[in-house]
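Inspection log for the structure reproduced underneath, given as structure tokens.
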Amino acid sequence: MIKGIQISDSNGIPFYTKFGSDLGKFEGTILSGLISAIGNMSYLLFNKDVASISFGQQGDLNNIIILSKELRQAKKKIYFVFFADDNENISELRMIATTLFIQTKELLMQRTSEVRYVSNRIDKVLGTQFAQIAL
């Protein structure tokens, strides 16, 4: 099950942050900067656009999975960050990231007041198409 989602760009600007109650509260901007750094490092070191960070031990493993999509027109990357338990299927997360990217691409290219509509659109997509696995 997905415990949290954050969507940010390669400059560390968060567009969307939503966490379940079991993750606690923390600043989305700090997390976005960290994710941007991890995304850039994973591409530079390993030439991969997917990063996965695991926390915990065998029976209680949690993952942070970072998937990126490129906005070629705006020359920036968008990071889709999923906080999930160990048994989350990466192909389902890719499907969610792709769907959210397609549904919000025109809003993610801007950095204006229109970005406030990103949350509404993402919540709607998650609630209708991915309600069984998203928070």
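We use all heavy atoms of the structure for the numbers below, so side chains are in, but hydrogens, waters and symmetry mates are not.
Put simply, the side chain of Lys76 gets close to the backbone of Leu108: a donor and an acceptor are under 3.5 Å apart. Side chain of Asp9 to main chain of Asn11: a donor-acceptor pair is present (N/O by atom type, distance under 3.5 Å, no hydrogens or angles).
Applying the salt bridge (Lys or Arg N to Asp or Glu O under 4.0 Å) test to residues at least two apart or on different chains, the pairs with a partner in residues 99-109 are Glu106-Arg121.
Applying the salt bridge (charged side-chain N to carboxylate O under 4.0 Å, His left out) rule to Lys77 yields the partners Asp49; only residues at least two apart in sequence or on another chain are considered.
Rounded to the nearest 0.5 angstrom, Asn63 CG and Ile90 CD1 are separated by 8.5 Å. Atom CD1 of residue Ile66 and atom CZ of residue Phe82 lie 11.0 Å apart, to the nearest 0.5 angstrom. In this structure, Phe15 CZ and Gln6 CD are separated by 11.0 Å, a value rounded to the nearest 0.5 Å. Ile7 CD1 to Tyr79 OH: the interatomic distance, rounded to the nearest 0.5 Å, is 14.0 Å. Summarising the geometry, atom OG1 belonging to Thr104 is positioned 11.0 Å from atom OH belonging to Tyr16; distances are rounded to the nearest 0.5 Å. A distance of 9.0 Å separates CD1 in Ile13 from CD1 in Ile78, rounded to the nearest 0.5 Å.
Other residues sharing the hydrophobic cluster of Met41, ordered by chain and number and joined by side-chain separations under 4.5 Å: Leu45, Phe46.
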Working for side-chain contact (heavy atoms from CB on, under 4.5 Å), residues Leu126 and Ile96
CA-CA 8 Å; Leu126 292 174; Ile96 293 171; 4.0 Å; yes

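The two residues Ser8 and Pro14 come nearest to each other via the heavy atoms CB-CA, 3.8 Å. The nearest pair of heavy atoms linking Phe130 to Thr99 is CZ-OG1, 3.6 Å. Ala97 and Leu67 get closest at one heavy-atom pair: CB-CD1, 4.0 Å.
Looking only at side-chain heavy atoms (C-beta outward), Leu71 and Phe101 come within less than 4.5 Å of each other.
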